[in-house]
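Side-chain atoms are counted along with the backbone in the values below, which use heavy atoms only and exclude waters and symmetry mates.
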Amino acid sequence: MPTYQPLRAPEGRGERFAVVDPATGEAFDEAPDQRPDALDAAVDRAHAAWPGWRRDPAARAGALLAAADAVEAAGADLAPLLTREQGKPLAESYAEIARAAARLRYFAELDPGRLPITDGRPVRSEVRWRPLGPVAAIVPWNFPLQLASAKFAPALAAGNTVVLKPSPFTPLATRLLGAVVSAVLPEDVLTVVTGHEPLGARLASHPGIRHVTFTGSIPTGRAVATGAAPSLARVTLELGGNDAAILLDDVDVERIADRLFWAAFRNCGQVCMAVKRVYAPARLYPQVVEALAQRAKSVVVGPGLDPGTQLGPVNNAPQLARVEGYLARALADGARAVAGGHRLDRPGYFFAPTVLADVPPGSPVVLEEQFGPLLPVLPYDHLADAVAAANATGYGLGGSVWGTDLDRAEAVAERLECGTVWINHHAELSLAQPFAGTKDSGVGVAGGPWGLYGNLQPFVVHRPLEV
């Protein structure tokens, strides 16, 4: 590994930028727009803190358990702030905080262990593990705290230090989370930097960073990998998804309709592994469309801080414009909006949950990731055609199969080209499982022991049995 030489730049104060409440469309606070010299200083400090942090695994575990307690204790401050800048219902913000705390506990208690190698030679060989160094964690705006913890918890548990950059659309709750966690960690072990581009690009390409972990779009993921290449930093990329749900001809539509609807529309459809297209048998197609449309028409859309809200706004104006563009193209292609199909006439970035029928299979809303409250439903005559259509994109994050014959559903699941397949549910993850995409949906593995090992380097010690 090349020796890193600190850039020795002073930390600048920088400017500040507005943070918008998507429920109103108006700015409600601001965050630091940090300059490159502030980022350089943060990486320098992460390097200085790394030797002490990596030295004592027991102390690290204790600190991370204390951090989990601190995150839970700060929930009443974190959750409203997260809802205010992200838009999701308050209950979902609390769930995100609980998930962050649970992930800290999980990785605090995960020991990579040592692996003896037995190969018949008169030596004792053993694989041990070493941390990589400072890690760059770059997170999007849809689950800012959950995804931040998914990156910094395994990195810290492995003995690395972390420089964390949230999206400029959701910087405030992440800054507060960083402050809460950092208060129980040694100084500079976790640092949060905020700002607009090129801050993220500079962090991904920084010569002092040894691992870049990024969640976001495929084009930005490619740019991150390109930026990290000159320093040969490890990259873990969790990129876009266009998950297909295949309904089999024995499916009980009414029984699964609620689960299927929320698998598509939770967090206003702004979930990388949400159901983004549904393939239904032609015989059941009208029933499936109607069941999803009824739920779309009855869901309560409103500000996330309102107790009765089930679905909040789209997070930001550019994403709302993207959703409107996909809808307009689908309607021009001949699709019908059987529910929704329009912005709501109120302040903020609200869009009616929309179910689309009669969508041409080549429409962009089917082939691309819309990342919003749009769901195309497509009929099929032959199951093989549905499987082929599900696989016929560059995406490969997740998918699901729905039916009453579980053995048959599992056989269909085996044919889907993606990292995770669910049967009769979707987008439910355990902290202990690997999470990875295939094709354009990602590089590397997050979650479970795999997420820990992704932040470690194998180190082999050979020792003779006799002097």
Side-chain angles (χ1 to χ4, degrees), residues 21-23 64-65 67-108 139-154 164 166-167 169-178 180-181 215 238 241 243 258-275 295 299-315 353 371-373 398 400 420 422 425-433 435 446-448 451:
D21 182 342
L64 294 180
L65 291 173
D69 292 341
V71 169
E72 284 184 336
D77 295 320
L78 282 165
L81 183 58
L82 176 58
T83 288
R84 193 82 188 276
E85 65 177 355
Q86 202 283 330
K88 65 185 59 182
L90 190 60
E92 294 183 20
S93 290
Y94 274 107
E96 190 167 337
I97 293 158
R99 185 79 167 181
R103 186 172 274 111
L104 282 163
R105 291 195 179 100
Y106 174 82
F107 282 105
V139 299
W141 43 259
N142 57 333
F143 290 94
L145 304 190
Q146 184 168 314
L147 291 172
S149 68
K151 298 182 185 306
F152 69 64
L164 168 64
S167 164
F169 291 114
T170 53
L172 301 177
T174 307
R175 278 173 56 83
L176 180 55
L177 176 69
V180 168
V181 172
T215 299
E238 193 265 283
D243 292 14
D258 280 342
R259 276 174 280 157
L260 182 60
F261 176 84
W262 286 110
F265 288 96
R266 174 173 167 255
N267 200 29
C268 209
Q270 300 166 132
V271 182
C272 59
M273 68 188 94
V275 168
R295 284 154 179 82
V299 70
V300 178
V301 180
L305 293 176
D306 287 358
T309 289
Q310 295 174 285
L311 205 65
V314 175
N315 174 256
F371 214 69
S400 55
T420 305
W422 295 270
H425 63 122
H426 197 104
E428 296 180 20
L429 295 176
S430 161
L431 294 175
Q433 78 178 71
F435 182 62

Once you round to the nearest 0.5 Å, how far does [atom1] of [X] lie from [atom2] of [Y]?
X      : Y      : atom1 : atom2 : value
Leu147 : Thr170 : CG    : OG1   : 9.5 Å
His425 : Leu260 : NE2   : CG    : 13.0 Å
Ser149 : Leu64  : OG    : CG    : 11.5 Å

Q) When Gln86 is tested against each of Glu96, Glu92, Gln270 for side chain to side chain contact (heavy atoms under 4.5 Å, CB included), which residue passes? A)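 Single pass found, and it is Gln270.
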
Close side-chain approach of [X] to [Y], heavy-atom, < 4.5 Å:
X      : Y      : result
Phe371 : Val314 : no
Phe107 : Leu431 : no
Tyr94  : Leu82  : no
Gln310 : Trp262 : yes
Asp77  : Leu81  : no
Leu172 : Arg84  : no
Trp422 : Met273 : yes
Pro353 : Leu311 : yes

Q | Thr215/Val139 under side-chain contact (heavy atoms from CB on, under 4.5 Å): CA gap, chis, key distance, verdict | A | CA-CA 5 Å; Thr215 299; Val139 299; 5.7 Å; no

Smallest separation among heavy atoms of [X] and [Y], with atom names:
X      : Y      : answer
Pro140 : Ser167 : C-CB, 3.9 Å
Arg99  : Leu429 : NH2-O, 2.8 Å
Leu145 : Ala100 : O-CB, 4.2 Å
Pro22  : Asn315 : CB-O, 3.2 Å
Gly302 : Pro313 : O-CD, 4.1 Å
Leu78  : Val71  : CD1-O, 4.1 Å

Taking [Y]'s backbone N and O only, do any of them form a donor-acceptor pair with [X]'s side chain (distance below 3.5 Å, no angle check)?
X      : Y      : result
His426 : Ala264 : no
Thr83  : Lys88  : yes
Asn267 : Asn142 : yes

Q: Before accepting this row, confirm whether a basic side-chain N of the pair Arg175/Glu85 lies closer than 4.0 Å to the acidic partner's carboxylate O.
A: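 A salt bridge is absent here (no side-chain N lies under 4.0 Å from a carboxylate O).
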
